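Taking it in order: structure first as structure tokens, then the write-up.
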Amino acid sequence: MPLSRAFYFQSPRALARDLLGCVLVSRSGSIVTSGMIVETEAYLGPEDAASHAAFRPGSHALFYGPGGIAYVFRAYGMHDCLNAIAGDVGRAGCVLIRAVEPLQGAAAMARRRGVPVGSRRLASGPGNLTRALGVTRRHNGADLTAGPLTIEPRDGDRAQPIARGPRVGIARDPGRILRFWIAGNPHVSRGP
DNA sequence: TAGCTGATTGACT
DNA sequence: GTCAATCAGCTAA
């Protein structure tokens, strides 16, 4: 059962923390791939200069819509990045999913990525993650509570040691502590 | 229509 | 450590 819509009705910062340890599931035809979310970043509304809500009008409709929707954008002409919209209607904000630890379909992911099965770089990094799971801009606006792309609750209730730090790779407003990852997990993307 | 920029990656020195 | 690849969507004209 995917996470309910209500789960996404919280602040981007809180959602970024809560998504750690949850499982991102992608279904493409008969191929199912999934991975545990190990690294996220929060992006706020217009007050956050690094958020697309602040400078990409084309994404406004999604940002201000209900939570639980996928926002996929292309960066540097070749990398797609996956976000989950956070908050209720009228509240802008989203969570960038930067890295997952492969669970199901590792072989299919490795094939898409062109790296050996079991590689730690299989889905570490926003661009790698979307390629491994077969996420493209066609998923922009997709419903994460029902559809080919969903997020499921974490296994059990075991607490994860969470680390935090400044966001990576952004040109505007660096220094905000809005990046979260599972401490010690080898699948977290490398820093700058 | 032309030019610019970027929430990146991987290959190379 | 440097740097090229490559394109959607904006801006200026």
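Chain identifiers are assigned alphabetically (A, B, ...) following the order of the sequence lines, protein sequences preceding nucleic acid strands; residue numbering begins at 1 within each chain. Here the structure is a predicted model, which means the values were calculated and not measured.
Distance CZ (A:R172) to C1' (B:dG6): 8 Å, rounded to an integer number of Å. Summarising the geometry, the separation between CH2 on A:W181 and P on B:dA7 is reported as 19 Å, rounded to the nearest angstrom. Put simply, OH on A:Y71 is 10 Å from P on B:dA7, counting in whole angstrom units. A straight line from CZ of A:R56 to P of C:dC7 spans 15 Å, rounded to a whole angstrom. Between A:M78 atom CE and C:dA4 atom C1' the separation is 8 Å, expressed in whole Å. Taking atom CG of residue A:L96 and atom C1' of nucleotide B:dG6, one finds them 13 Å apart after rounding to whole Å.
No donor-acceptor distance shorter than 3.5 angstrom exists from the side chain of A:R112 to the backbone of A:T130, with no hydrogens or angles considered. For A:Q160 (side chain) and A:L20 (main-chain N/O), no donor-acceptor pair under 3.5 Å exists by modelled atom type. Using a distance-only test at 3.5 Å, with no hydrogens or angles considered, no donor-acceptor pair links the side chain of A:S28 to the main chain of A:I31. Side-chain atoms of A:R113 come within 3.5 Å of backbone atoms of A:L122 as a donor-acceptor pair (strictly under, hydrogens ignored).
Stacking of the aromatic ring of A:F73 onto the base of C:dA8 is not found under the criterion of centres within 5.5 Å and planes under 30°.
In summary, A:D48 and A:R13 do not engage in a salt bridge, as defined by a charged side-chain N under 4.0 Å from a carboxylate O.
Taking CG from A:L129 and NE2 from A:H187, the interatomic distance works out to 12.5 Å, rounded to the nearest 0.5 Å. Rounding to the nearest 0.5 Å gives a distance of 4.0 Å between CD1 of A:I37 and CD1 of A:I97. Taking CD1 of A:I69 as the reference point, atom CG of A:N140 lies at 10.0 Å (rounded to 0.5 Å).
Of the candidate nucleotides C:dA5, B:dT9, C:dA8, B:dT9 has the atom lying nearest to any side-chain atom of A:P126. Listed nucleotides B:dA7, B:dT9, C:dC7 differ in distance to A:N128; the shortest reach to its side chain belongs to B:dT9.
Comparing the C1' positions of C:dA8 and B:dG10 gives an interatomic distance of 22 Å, to the nearest angstrom.
At a threshold of 4.5 Å between non-hydrogen side-chain atoms, the residues A:T33 and A:Q104 do not count as touching.
Using a 4.0 Å cutoff on non-hydrogen atoms, the parts of residues 105-121 of chain A near DNA chain B are A:R113, A:R121, ordered by number.
Close to B:dT9, at under 4.0 Å from its OP1 or OP2, lies no side-chain N or O of A:R74.
Stem analysis of DNA chain B (at least three stacked-register Watson-Crick or G-U pairs, each with both distances under 3.5 Å) gives B:1-6 with C:7-12, B:8-12 with C:1-5.
A donor and an acceptor atom never sit less than 3.5 Å apart when one is taken from the side chain of A:H79 and the other from the base of B:dA7.
Closest-nucleotide positions on DNA chain C for A:G77 and A:F55 were compared, and the one nearer the 5' end corresponds to A:G77.
Counting any heavy atom pair closer than 4.0 Å across all strands shown, A:A171 reaches sugar-phosphate atoms only and no base atom. A:R137 comes within contact range of the sugar-phosphate backbone alone, with a heavy-atom separation under 4.0 Å but no base atom that close.
Test A:T145, A:L19, A:V23 against A:I151 for side-chain contact (heavy atoms from CB on, under 4.5 Å) and you get one pass: A:L19.
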